[in-house]
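Let me begin by presenting the structure, written as structure tokens, before commenting on it.
Order of the sequence lines sets the chain letters (A, B, ...), proteins ahead of strands, with each chain counted from 1. The basis for the numbers below is simple: all heavy atoms, side chains too, and nothing from hydrogens, waters or symmetry mates. All of these numbers come straight from a predicted model, not from anything done at the bench.
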Amino acid sequence: MGVKIGELIERRVELKLSDLSGRKIALDAFNAMYQFLAKVRQPDGTPLMTSRGEITSVHSGMFYRTANLLKEGIIPIYVFDGEKPVFKSRAIEERARAREEAEVKWKEALEEGDIEEARKYAQAALNLTEEMVEDCKTILRLMGLPVVQAPSEGEAQAAYMASKGDVWAAASQDYDSLLFGAPRLVRNLAITGRRKLPGKDAYVDVNPELIELEDLLRSNGITREQLIMIGILVGTDYNLGGVKGIGVRRALELVKRYGPEDLFSKVPWDFEFDPLSIYEFFLNPPKSDNYETALSKPRSNELLKFMVEEHEFSEERVRKVILEIEEAYRTFAGGGLESWF
DNA sequence: CCGGTATA
DNA sequence: TATACCGGG
């Protein structure tokens, strides 16, 4: 979901994947995994599964996309969520309830034979399991990539790594990393440039885009502190829906007139957690300096075994992708691209 | 989502 | 060469 500040962004620099070649990018791993779980499905919403009924949509997305990024010379550094912040509990409960409802409606739509409806609810019923998360970490390690464990929110950790310059940018579909202080955010970091419009039977071209924090702040005449306040007014993962009756327009005026204490005391607040503590969290979230961004080597045989024997991927396809991964390591790791190491 | 093949 | 369509697990 994420913070709803999209309207504030005037400049979105369209990128080609090759523009990112040779760069390290910190990816919000949970964001990516949820996307795979939602999108890697049959038309009626049934996910990819092994013969034992274990969902493999996430494995498929993680494996093929990551290989593609490597092929482009991009070094993906996946950052995994750690402990959930206490004030996320309400949002987590609400989403769990929404998922259960969606699951029921999915089954109903399937029985009625309404494929479009079924898919819609199937995508809302997704449930990322601990096992899927661990499997993704395994796939990445076997590809020779580092796995970064955030103490709390992955986006916060990714933003921190970008602000230190250990990676060039943070990548996510959500805008939260900007509030967490990422100087650069890359959205739509994927290969396929076409995306189905929800509901309609139409497609649009979607390319990777770059959003620069400095740009966003300057064009709106605000500081990061004020951006965080706007986020809290219009709604974040910690206060879904935001303050009633306040959209980005009014929020922008308000933050230019009041500091955080004044602002939050004037505004009707019906969430259980104090807005100031949410503000402090965005400003200075838990983060770790104890992480690795260096590549090791792909462990091709183990990777092949893991994908084919444990998750029933086609041996022919996996072998082909692994050859491409090895070639990427040879090409870029030896080819004078500093940032690979 | 991604890969591969059909189609033109 | 570009786009449509389908199967993957």
Q. So does Asn68(A) get a side-chain nitrogen or oxygen closer than 4.0 Å to the phosphate oxygens (OP1/OP2) of dG3(B)?
A. yes
(Q) Base, sugar-phosphate or nothing for Pro47(A)? Non-hydrogen atoms, less than 4.0 Å. (A) base
Q: Using heavy atoms and a sub-4.0 Å distance, could you list which residues of residues 51-66 of chain A are near DNA chain C? By number, please.
A: Thr56(A), Ser60(A)
Q. Residues two or more places apart in sequence or in another chain: which of them pass side-chain contact (heavy atoms from CB on, under 4.5 Å) with Glu310(A)?
A. Phe306(A)
Q) Using 30° and 60° as the class limits, which term best fits the ring planes of Phe80(A) and Phe30(A): parallel, tilted or perpendicular? A) perpendicular
Q. Does a side chain donor of either Thr293(A) or Lys24(A) reach within less than 3.5 Å of an acceptor in the other side chain?
A. yes
Q: Using whole Å, report how far CD of Gln123(A) lies from C1' of dC1(B).
A: 11 Å
**Q.** Gap between atoms CZ and C1', on Phe313(A) and dG3(B) respectively (whole Å)
**A.** 12 Å
Q) To the nearest Å, how far apart are Arg317(A) CZ and dC1(B) P? A) 16 Å
Q: Evaluate the criterion salt bridge (charged side-chain N to carboxylate O under 4.0 Å, His left out) for residue pair Glu93(A) and Arg97(A); output intermediate values, then yes/no.
A: CA-CA 6 Å; Glu93(A) 281 167 27; Arg97(A) 200 167 38 75; over 6 Å; no
(Q) Using whole Å, what does the distance between atom P of nucleotide dG8(C) and atom CE of Met49(A) come to? (A) 13 Å
Q) Among the nucleotides dC1(B), dG3(B), dG9(C), which one has an atom lying closest to any side-chain atom of Lys39(A)? A) dC1(B)
**Q.** Selected nucleotide, minimal atom distance to Val40(A) side chain, candidates dG9(C), dC1(B), dC2(B)
**A.** dC1(B)
Q.
Quick check for you: among dG4(B), dC2(B), dG9(C), whose closest atom lies nearest to any side-chain atom of Lys320(A)?
A. dG4(B)
Q. Side chains of Tyr160(A) and Asp289(A): do they bring a donor and an acceptor to under 3.5 Å?
A. yes
Q. Between Tyr175(A) and Lys4(A), is there a cation-pi geometry (under 6.0 Å to ring centre, at most 45° from the normal)?
A. no
Q) From the list dG9(C), dC2(B), dG8(C), which nucleotide is the closest neighbour of the side chain of Ala190(A)? A) dC2(B)
Q: Anything under 30° is parallel, anything over 60° is perpendicular, the rest tilted; go ahead and classify Phe282(A) against Phe180(A).
A: tilted
Q: Return the value, rounded to whole Å, for the distance between atom CG of Leu189(A) and atom C1' of dC2(B).
A: 14 Å
Q. To the nearest Å, how far apart are Met33(A) CE and dC2(B) P?
A. 16 Å
Q: Report the distance from atom CG of Leu323(A) to atom P of dG3(B), rounded to the nearest whole Å.
A: 15 Å
Q. dC6(C) P sits how many Å from Asp44(A) CG, rounded?
A. 14 Å
